[in-house]
Participant: 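Right, I'll just put the structure down here and ask away after.
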Amino acid sequence: MLGYKYWAKGKMKSVNLVKKQCCVLALNVRNFCDQLFCVTILVFISIGSEHLIVSHHSILTFNMVYRLPPEVLQKIFCNIDDCDLYPCVLLVNRQWCANAVSLIWRETLNKPMGIPSYYKLIQIYVACMSDGSKILLKNAGIGPTTSLSTTVTLFNYASFLRKIELTSIYEAATLWVSANSGSNSRLKRLGRFDLDSLGNVNENDPEIQKYEQMQELFYRELLKLFVSLCPNLRYSIIIRNVIWKGELQYLHNISDIIPTFSHLDKLGCYTSCPSDIFEYLGSTFSSLDQLDIDCRYDDNDGLASFIDKINSLQSLTIKRTDNRIPKIIKALRDKVKSISYLHIMNGGLFPLDMFANCQNLKSLKITEEPDRIWRDLRKEFEEFEENFLEPFIKPSTFKQLTIIQIEIDDTINIFQLATIIRNTNGRLLELLLKWIEEDDTDNENLLYLTIIEHCPRLVKLKIPTTSETIRHLPSIFRSCTQLEKVDVLGLELKIEISELMPLFGQSISSKLNSLHFDSSFRVTTDSLNTFLELCCHRSISCLDLVFQQAEDWFSSEQTNLINHHMELGTLNVTSNMCWFNEIEFHDIFGIWPY
């Protein structure tokens, strides 16, 4: 530990000095302990310490960091990524381990880790069950005797949970039961996924019924464990595509386990789900933050009734189809006024005018699925109308917008888009745009001029350009000085930007860390060299500069330039792999790029 010095005496007027010193130290720290020291002081500042002044009279030793109170340690550890907590914190000492382990295990059942990972976690949570639950499971023929009776964990990991996703837990639980169902080999083969795929399985088979009862019993005991130990548990439910009605049986009886009037963080569902499922959810949950609906097939009375019952809604994602859903739309009209996040996916019959008065909206996303399968099938669906942005151009409504994402395989009304951007009054942080052709030629420059004038805080930008409109990009760089990531798309087959590259080098901010051009753009060796030299001269470092499919036209001289500036640190080595062919990649990194 470096000899950082302080003495604990003084008034709040000295806090600014401490904060300034911490920022200076943070720029020069070289190991984890030093970083921890800096974060520690910042935490003291955040919790209102009035007695911290940088001085030369005493030294904060590493032993003092060891003895920090649990509240401070947890605030510090919250600033460290989970992937770093294990090697850097858990193995230091018992106090650090005890304070870090609760953070690592608080959302283990709320992350998209895949069923195998969930299965391994279930084994640990089984060991945390009460003796009564273990005996109940054992009598039902569930689980090997060793795992249920003799396994002892260092901590009661179930007590650390703060968020769980019910569907993933059920799927992992059924998989665990199928692998631990005693000596009956047939039961071990009849997991939930087998029932989905085997059409010749008789659901009235006594062994199948017994297996389903074992699944339900184990899932209920697991859920009881989580709810009993975590009174403030938050819930999410992501319903997969329903294949058979009995597949959602695990949601029928949660109301006698989960407290009534609980809060649901997220519900993802299809309109094809059985209506009674939403009736069970409505009897348990009274409020909902995020609702994601895939509008397959017809309307759904149960879903409409559930939406009616919830108090408010913060986030809404709708995947649109040609199917009319008037009951769901009617229920949503009374709830959408409070939403702050809206994502409309794919064309369809969903009326966008219902969102015209969403004054709290902070994120507006209208997109089409990018995958090839969707592009082949999209002819079956209604496309977005020409003036689909019209409901969002009211000058007094959408002043809170900080994120706009409009990515469609169609044309767009540039004037309406520019109006929406102008109405944000400089609050916009992300602007992600994509369309296939420029149809509004009278206003083709309006969008870029609007960005230059009204987006000073912009951090992320994706923008389609032509050989004419890309000339505005240097001005965008100069006016949007907070830009960190820029993706430039070409609306023409080939766009030569050699004469603009020096202007890019002169105008980009040192905060820019990613500059991507799609396969439409071309540069000469001299212009690329000028750009890189300007970046180097202006102390720009670790820039992720990418030209997509550059291997089709990139010369050996240009490759050498890239390699040289990677060595200098101007360019980011690990993020520019597309510059290399396979042989060069292997020579530099020692591995093959596949």
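Just so we're clear, the structure is a prediction, and the values are computed from it rather than from any experiment.
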Participant: Hydrogens and angles aside, do Lys394 and Asn357 bring a side-chain donor and acceptor to less than 3.5 Å of each other?
Facilitator: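 A donor-acceptor contact under 3.5 Å links the two side chains.
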Participant: Can you see which heavy atom on Trp435 is nearest to which on Leu433, and at what distance?
Facilitator: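 In terms of heavy atoms, the two residues are closest at CZ3-CB, 3.7 Å.
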Participant: Short question: side chain of Asp518, backbone of Gly490 - any donor-acceptor pair under 3.5 Å?
Facilitator: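 It does hold such a pair.
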Participant: Answer yes or no: is there a side-chain heavy-atom contact under 4.5 Å between Gln416 and Glu390?
Facilitator: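 When only atoms from C-beta onward are counted, Glu390 and Gln416 do touch, with a gap below 4.5 Å.
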Participant: Quick one, Leu532 and Leu545 - any side-chain contact, counting heavy atoms below 4.5 Å?
Facilitator: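 When only atoms from C-beta onward are counted, Leu545 and Leu532 do touch, with a gap below 4.5 Å.
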Participant: Which atom names give the shortest non-hydrogen contact between Ile239 and Tyr270, and what distance separates them?
Facilitator: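 Scanning both residues completely, I find the closest heavy atoms to be O-CE1, 3.5 Å.
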Participant: When the ring planes of Phe504 and Phe477 are compared, do they come out parallel, tilted or perpendicular, using 30° and 60° as the limits?
Facilitator: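 Ring orientation, 0 to 90° scale: perpendicular.
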Participant: Hey, does Phe306 have a side-chain heavy atom less than 4.5 Å from the side chain of Leu288?
Facilitator: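 Counting from C-beta outward, Leu288 and Phe306 do come under 4.5 Å.
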Participant: Check Leu352 against Pro391 and note the closest heavy-atom contact, atom names and distance.
Facilitator: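 Nearest pair, atom of Leu352 first, then Pro391: O-CB, 3.7 Å.
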Participant: Any donor-acceptor pair under 3.5 Å linking the side-chain atoms of Asn423 with those of His454?
Facilitator: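 The criterion, which ignores hydrogens and geometry beyond distance, is not satisfied for Asn423 and His454.
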Participant: Just so I know, are the side chains of Ile325 and Asn300 near enough to count as touching, which here means a heavy-atom distance under 4.5 Å?
Facilitator: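 Heavy-atom side-chain distance check fails, nothing below 4.5 Å.
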Participant: Mind telling me whether His472 and Tyr448 have parallel, tilted or perpendicular rings, with 30° and 60° as the class edges?
Facilitator: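 Ring orientation, 0 to 90° scale: parallel.
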Participant: Indicate yes or no: at least one non-hydrogen side-chain atom of Val523 is less than 4.5 angstrom from one of Phe517.
Facilitator: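 Counting from C-beta outward, Val523 and Phe517 never come under 4.5 Å.
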Participant: Side-chain contact test, heavy atoms from C-beta onward, threshold under 4.5 Å: evaluate it for Ile310 versus Leu291 and give yes or no.
Facilitator: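 Not in contact.
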Participant: What are the two closest heavy atoms between Ser519 and Arg522, and how far apart are they?
Facilitator: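 Closest heavy-atom pair between Ser519 and Arg522: O-NH1, 2.7 Å.
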